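Let me begin by presenting the structure, written as structure tokens, before commenting on it.
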Amino acid sequence: MTPGDESVAESARAVHQGASAVRRVEAALAHLAETEPRLHAYLHVRADGALADAAELDRLGPEARAALPLAGVVVAVKDNLVLKDTPTTAGSKILEGYRPPYTATAVARLQAAGALVIGKTNLDEFAMGSSTEHSAYGPTKNPWDVTRVPGGSSGGSAAAVAAGTALVALGSDTGGSVRQPAAFCGVVGLKPTYGRVSRYGLLAFASSLDQVGPLGRRVADVAQVFQVMAGRDPHDATSVEGPPGGPVLDATGSLRGLRVGVVGSQRDQAGPEARTALDEAVVALSDQGAVVSEVDLPHSRYGIAAYYLVAPAEASSNLARYDGVRYGVRGEGQDLAEVYLHTRGEGFGTEVKRRILLGTFALAEGYYDAYYLKALKTRTLLAQDYRAAFRSVDVLLTPTVPETAFRLGEKLEDPWAMYQSDVMTVGANLTGLPALSLPWSVTAGGLPTAIQLTAPWLEEARLFSTAAALEASRAQPWTGPAGEGRGAS
Amino acid sequence: MILDNGAEVIIGLEVHVELATRTKLFCACPSAFGAPPNTAVCPVCLGLPGALPQLNREVVRLAARAGLALGCTVRTRSRFDRKNYFYPDLPKGYQITQYEHPICEWGALDVPLADERVRHVQIRRIHIEEEAGKLMHEGDSLWQARGSLVDLNRAGLPLIEIVTEPDLRSPDEARLFLRELVSTLSYLDVSDLRMEEGSIRCDANLSLKPPGFTGVLEELARVEVKNVNSIRNVVAALESEVRRQRAVLDAGGRVVRETRGFDEVTGSTLPQRSKEAANDYRYFPEPDLPWLSVDPAVIEEERERLPQLPGARRRQLRERGLAPKDAAVIAAEPAAARYFAGLTDQGADTRLAVTWMLGDLARLLNETRRGYDESPVGPAALAELLALIAGGTLSGRMAKEVLDKMFETGQSAAIVVAEAGLTQISDQDILAEAVGRVLAAHAAAVADYRAGKAQALGFLVGQVMKATRGQASPDVVNRLLRERLAADAAV
Ligand SMILES: [Zn+2]
């Protein structure tokens, strides 16, 4: 048995009832030793730390354990979330050897609930990319087909969950970085409402778009982890409290009368496999009594353009702190200017530099109005589109990605093609809306497809109940990757 | 100030004032001065990866208070922006400031000039921003330093920047404006106002307006002198800039718009290296902070709690008969104003109170480097002494001695007087005898007086005072001497 075969609830229940958390970590580490050489999902495996945490959990009395909703749940954390004294690189050379002195709120909340962090997962450098090939420490492979990318930037987290080395994982989603790899790796991925999960301790890429989100094998797993992490954090001024109430997942609800809007333009942009998955999901929804109609988001075609102005602009500022003065790798130089040039010139990879340059340009005096300000106006128009759509529908349905996982190296030399991977996901980031990617089917080629649900502000509960109903109705029982990446189980 | 070539001096100031909050602007680190380097720091003010700012609401209150005192409108909605530039004292690579939507806008400060004139200086805006860290280099400048050390204790301390319109017309007006501004702020408990510790710094803009110029001032080539750290240096920098720009124009040249630094050693301004000056700060809205909302109730509360400010105090003091200069000195700082109010509350005579407070007491405080609020002789004690003078028990000269002793020992006037046996002698019989002896001993002076040399009387009074060890009542001695000299002459 691998950790991934249990649900979060089952795993926690077992530990509540006295099962050893140490044994769970040992099993996860053993599985990881098998899969990791092929997948490279992790940048740092926290074997000793996770075992020590598990041992501490095992020493707790039954009552103390029962109070921990995630007792003994093995989680993986994207390496752009800080965990005290544990290496955090964000996939960049510039932070090689850096050990943060504090823990991100999202991670701390999982740990406080009894979760055991087994390692830090691979990502595109500073979360900039859609394939995890932009990691300075080498790409992660897709567990379904190791010649393919796992998506990105949370590719390591998606691969870890798909391969079963962690039950759930944390990622971050700036333009689709949780949902797109979730779709490529056949797992569930949530981008919560902007602010619903604290960003404190998340290495900022684009602050107004970034959001920490969970990935898991099941909707219920993702919902449970989300519930533990969510909520206002005094350390993050942009964080918000969700609506009061009980569990965010009401799996007993029916879809009868649920109004679902299919975004026509995005259906048209989908490749044949993604379109088939979408159409099947529409049928499944209708079968369960949902009312499906087509809606239009007229400004969504400007989404990618707006995203690739806002995100690099904010990134150009957010990444200024990596200057070699206080932490990370410092370049050699005769004077300060040279130190800056060498630190950043050698420390950052090509894609990061590309975006810093793009963002610096977009914010430059004389260009601000034409680029950054215009992109902000586009965000406003896009938000109006979504608001208008949500007057007639309860959730939006689209593909998560236009196509299935592409081959390693396929788009590496073509940034523009790579950026198009985000075309269906950036809308939720630009508007702050919650969105969830649900694995839908497996293609003839053996790769997962996915659909994406988007709900109004703070309506994660609606995403979970809709996704859970669809999950239960999926054409084929979900088995996860059968490919070589998964390893023997 | 109009130069002899007809050009008019146009000056605007940007004054940075460090606010006296317990903690920093965006984190809970203490704002205490003098801690060992890099000990008052945390992930937020170190700019560690993943850290986010949390706004200290106390800063908002202080900024609003300063704005209200300067007649500004306090915005219920304002916003933070990022100012991006690289420097080792700036941990995040950007400074969080308010660029487009400052918290306070459009106020004014009326600055008293010489000859009862007033300069109405408009305040364009006041915004909140964070302080940078401190650098110490080995070598001439950071860019050539052999080694540099960074102390981030100061990084993230709260500042307000007060920006004036170009309404000042001479370096001296700039000095008077800064004095009046510091004086106003000193009543508000918003800042420690310690110049030497950098709690106030100034950027000064200066341009020369040629005679006959009719365009808008913005069209003039404006030179900005950055980061000057005392009122004296601001004046020196502006004066040197007037001379420099004048020389450029006289030589037929054109003044270029640029940023300069002030060199304290040479007392002149120097162009800043283009690397430092040619920054495009790429301002954009700070995405880590929501719009700053200020509760109108807080604004009203602050407005109601505003103390009486120097301008109003000066007017009030002058209505009570004080000379303009005395009123200005007393109103300039809260400790002096409180001290004076304490004196008059105790019933001290206004004229005596002014004379003694700004005279001998001020001298003693100066000598011991103390403020009015640290005086060993409090207002009640001084009022007691003044009552003895007013009642004729002590002469001025004796009172001086008594005050010295009170200042030294902290004893009350009554005790000092009793212990030293220092009561004024007003007894006519005793003094008449002394006067007789003095007249007999100084026949030459008597002759001089009779010959019309009035100052000889002063000499004779002095001799009587000396003979009585200063205890004689000068009024009585004066009268007796005149009477005797007049009577003897008639004989
Ligand atoms: Zn701090």
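Computed from a predicted structure; not experimentally measured. Quick note on labels: first sequence line is chain A, next is B, and so on, each numbered from 1. Side-chain atoms are counted along with the backbone in the values below, which use heavy atoms only and exclude waters and symmetry mates.
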Cation-pi, B/Tyr281 ring and B/Lys83 (6.0 angstrom, 45 degrees): yes
Within residues 287-297 of chain B, the residues sitting under 4.5 Å from chain A by heavy atom, in sequence order, are B/Pro287, B/Asp288, B/Leu289, B/Pro290
Quick one: which of B/Leu55, B/Asn84, B/Leu48 has the most heavy-atom pairs under 4.5 Å with chain A, could you say? B/Leu48
Quick one: what part of A/Tyr200 sits under 4.5 Å from any heavy atom of chain B, side chain, backbone, both or neither? both
Within the 4.5 Å heavy-atom criterion, are B/Arg201 and B/Leu159 side-chain neighbours or not? yes
Quick one: ring pair (Phe, Tyr, Trp, His ring centres under 6.0 Å) partners of A/Tyr372, sequence neighbours excluded? A/Tyr368, B/Phe284
Is atom NZ of A/Lys84 surrounded by more than 12 heavy atoms (other residues, nucleotides or ligands) closer than 6.0 Å? no
Below 4.5 Å from any heavy atom of chain A, which atoms of B/Tyr283 appear? Answer side chain, backbone, both or neither. backbone
Selection residues 19-38 of chain B - residue pairs positive for side chain to side chain donor-acceptor pair (under 3.5 Å), sequence neighbours left out: B/Thr23-B/Asn56
I'd like to verify something: which residue of B/Pro53, B/Ala51, B/Gly50 has the highest number of heavy-atom pairs under 4.5 Å with chain A? B/Gly50
Taking side chain as everything from C-beta outward and backbone as N, CA, C, O, which of these in A/Ala364 sits under 4.5 Å from a heavy atom of chain B? Side chain, backbone, both or neither. both
Could you look at A/Leu203 and say if it's the side chain, the backbone, both or neither that has a heavy atom under 4.5 Å from chain B? both
Among the listed options B/Pro43, B/Gly93, B/Cys42, B/Pro91, the residue most often paired with chain A at heavy-atom distances under 4.5 Å: B/Pro91
Can you name the closest pair of heavy atoms from A/Leu209 and A/Ala311 and give their distance? CD1-CB, 3.8 Å
Can you pull out the residues in residues 94-104 of chain B with any heavy atom less than 4.5 Å from chain A? B/Tyr94
So what's closer than 4.5 Å to chain B heavy atoms on A/Tyr322: side chain, backbone, both or neither? side chain
Among A/Val82, A/Asn318, A/Asp210, A/Leu376, which residue forms the greatest number of heavy-atom pairs with chain B at distances under 4.5 Å? A/Asn318
Check step by step if side-chain hydrogen bond (donor to acceptor under 3.5 Å, both in side chains) holds for A/Glu125 and A/Ser92. CA-CA 5 Å; A/Glu125 185 176 0; A/Ser92 182; 2.7 Å; yes
Please flag which part of A/Thr360 lies under 4.5 Å from any non-hydrogen atom of chain B: side chain, backbone, both or neither. both
